[in-house]
Amino acid sequence: MNVVETLLPIILFISLGLFLARIRFLESRAIAEMTRFVFWIALPSLIFESLASVHLPLSQIGRPLAVVVAATLLCIAAGWLIGRLRGSTPGVTASMMQNGFRGNLAFIGLPVVAYSVAGLPEGDRSRIMGIALLIIGPMMVLYNLLAILVLLGAQHRIGPKGLRLMANSILTNPLILAAGAGIVAASLKLHLPEVLTRFLKPLGQMTVPMALICIGASLASVSLKGRRTALWIGLGLKVAFLPLTVWALSSLMGCPGEEQRILLIFSACPTAAASYIMARQMGADAELAASGIALSTVA
């Protein structure tokens, strides 16, 4: 399946969400409730059911995770160095760094991976999606931890509050909990009851279209205001520096083609919507974070 066939349905779903929000067919409250349903119900169901039913060795994700960690740390270091050289304020530097590395894996990454394997046989499709889901769980933990460290560390505010936020972001994240439960079920080779599988599978299949419609609808209310130079630097880190670094490291480490494709898709994802919430909660530049989400999603 070529790039156009993979991306066009995604663009159409996002455009549909944007259109429905523009004509006020979807009000802001409905969009918020749809997003909450996907985040708390549909996506955790997809992650748990997929991981529990695909028995892959955890050792298989060691190499791709090493690539992700190394590339992410290099991206953060590049953002920090640029911020220091530009003399940016701590809040701007923190948001710029977060815009550069924290990708929207759940709402954009998984749908793109799913469409990229849509034409493959069922066995290959399930195996590749299983690898993607095994990778995404640890990546979510990593992104949550690093986001807190970056947002507070850039402002010299690491302390007990930061540690509490870090623990809370992991222990209350349904996607991380679902990934952990799915990995445990797969490791123990548990077979889910047929009735549970038939319930969770269609519930999880709702994730892709609903998530993309929510992303499109959210673009209708996000402006591109903020620190223009820092905004474009964050965009360059997100859609150019990070994917190129992942490509170089995965090639050096000899990652197979399907692993490399998953890593490139995840690394090129637009900035996660949670970046705005985190930036606002932790005193960074929230307007820059919101603009980074919008611009990177369009890019």
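Scope of the values below: all heavy atoms of this structure, side chains included, with no hydrogens, waters or symmetry mates.
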**Message:** Between Val246 and Val67, does the side-chain contact (heavy atoms from CB on, under 4.5 Å) criterion hold? Intermediate values first, please.
**Reply:** CA-CA 6 Å; Val246 164; Val67 170; 4.2 Å; yes

**Heavy-atom closest pair, residues Leu151 and Ala284** = CD2-CB, 3.7 Å

**Message:** Testing Asn104, Leu133, Ile265 one by one against Leu110 for a side chain to side chain contact (heavy atoms under 4.5 Å, CB included), which residue passes?
**Reply:** Leu133

**Prompt:** Do the side chains of Leu200 and Phe48 get nearer than 4.5 Å, heavy atoms only?
**Reply:** yes

**Asked** So which heavy atom on Gly103 is nearest to which on Tyr143, and how close?
**Response** N-CE1, 3.5 Å

**Prompt:** In the single-linkage hydrophobic clustering (I, L, V, M, F, W, Y; side-chain heavy atoms under 4.5 Å), do Ile135 and Leu73 co-cluster?
**Reply:** yes

**Item:** Non-hydrogen side-chain atoms of Trp232 and Leu295 separated by less than 4.5 Å
**Value:** yes

**Prompt:** Quick one: does Ile23's side chain get under 4.5 Å of Phe19's, heavy atoms only?
**Reply:** yes

**For the student: nearest non-hydrogen atoms of Ala289 and Ala279, plus distance** = CB-CB, 3.8 Å

**Asked** Quick one: does Thr207's side chain have a donor or acceptor within less than 3.5 Å of a partner on Ala42's backbone?
**Response** yes

**Asked** Mind checking whether Glu49 and Leu203 have side chains closer than 4.5 Å, heavy atoms only?
**Response** no

**Asked** How many angstroms lie between CD1 in Ile82 and OG1 in Thr229, if you round to the nearest 0.5 Å?
**Response** 11.5 Å

**Request:** Flag yes if Leu134 and Leu264 sit in one hydrophobic cluster, no otherwise; membership is Ile, Leu, Val, Met, Phe, Trp, Tyr, and two members link when side-chain heavy atoms are under 4.5 Å apart.
**Result:** yes

**Asked** Hey, does Met129 have a side-chain heavy atom less than 4.5 Å from the side chain of Val113?
**Response** yes

**Message:** Hydrophobic cluster membership, with links at side-chain heavy-atom distances under 4.5 Å among I/L/V/M/F/W/Y: are Met139 and Leu149 in one?
**Reply:** yes

**Message:** To the closest 0.5 Å, what do you measure between CE (Met253) and CZ (Arg63)?
**Reply:** 7.0 Å

**Prompt:** In terms of hydrophobic clusters joined by side-chain contacts under 4.5 Å, are Leu177 and Leu43 together?
**Reply:** no

**Test item: Trp80 and Val150 side chains (from C-beta on) under 4.5 Å apart, heavy atoms** = no

**Message:** I need the Ser250 OG to Arg261 CZ distance, nearest 0.5 Å.
**Reply:** 13.0 Å

**Request:** Can you measure from CG (Leu249) to CG (Leu263) and round to the nearest 0.5 angstrom?
**Result:** 10.0 Å

**Message:** Give me the atom names and distance for the closest heavy-atom approach of Ser267 to Pro243.
**Reply:** OG-CA, 3.4 Å

**Any side-chain heavy-atom pair of Leu231 and Leu235 under 4.5 Å** = no

**Prompt:** Can you check whether Ala71's main-chain N or O pairs, donor with acceptor, with Thr245's side chain at less than 3.5 Å?
**Reply:** no

**Message:** Taking CZ in Phe37 as the centre, count heavy atoms belonging to other residues, nucleotides or ligands within less than 6.0 Å. Is the count above 12?
**Reply:** yes

**Asked** How long is the span from the CD1 atom in Ile128 to the CG atom in Leu120, to the nearest 0.5 Å?
**Response** 5.0 Å

**Message:** Nearest 0.5 angstrom please: Cys214 SG to Ile14 CD1, how far?
**Reply:** 11.0 Å

**Request:** List the steps and the verdict of side-chain contact (heavy atoms from CB on, under 4.5 Å) for Asp124 and Arg127.
**Result:** CA-CA 5 Å; Asp124 292 339; Arg127 180 174 52 80; 3.6 Å; yes

**Asked** What is the minimum heavy-atom distance between Ala147 and Arg102, and which atoms define it?
**Response** CB-NH1, 3.6 Å

**Request:** Provide the closest heavy-atom pair for Pro44 versus Ala178 in the form atom of the first, atom of the second, distance.
**Result:** O-CB, 3.5 Å

**Request:** Kindly write out the residues that satisfy salt bridge (Lys or Arg N to Asp or Glu O under 4.0 Å) with Glu259, not counting sequence neighbours, or none if the list is empty.
**Result:** none

**Message:** I'd like to check the salt bridge (Lys or Arg N to Asp or Glu O under 4.0 Å) partners of Arg86; sequence neighbours left out, ordered by chain and number.
**Reply:** none

**Request:** Find out whether Ile233 and Asn99 are in side-chain contact, i.e. whether some heavy atom of one side chain is under 4.5 Å from a heavy atom of the other.
**Result:** no

**Message:** Between Leu46 and Leu196, is there shared hydrophobic-cluster membership here, with clusters defined by ILVMFWY side-chain heavy atoms closer than 4.5 Å?
**Reply:** yes

**Request:** Assess whether side-chain contact (heavy atoms from CB on, under 4.5 Å) is satisfied between Leu237 and Leu242, documenting all intermediate values.
**Result:** CA-CA 6 Å; Leu237 291 172; Leu242 186 59; over 6 Å; no

**Request:** Could you check Val68 against Phe266 for side-chain contact (heavy atoms from CB on, under 4.5 Å), going step by step and ending with a plain yes or no?
**Result:** CA-CA 9 Å; Val68 167; Phe266 284 167; over 6 Å; no

**Request:** Could you tell me how the ring of Phe13 sits relative to the ring of Tyr115: parallel (under 30°), tilted (30 to 60°) or perpendicular (over 60°)?
**Result:** tilted

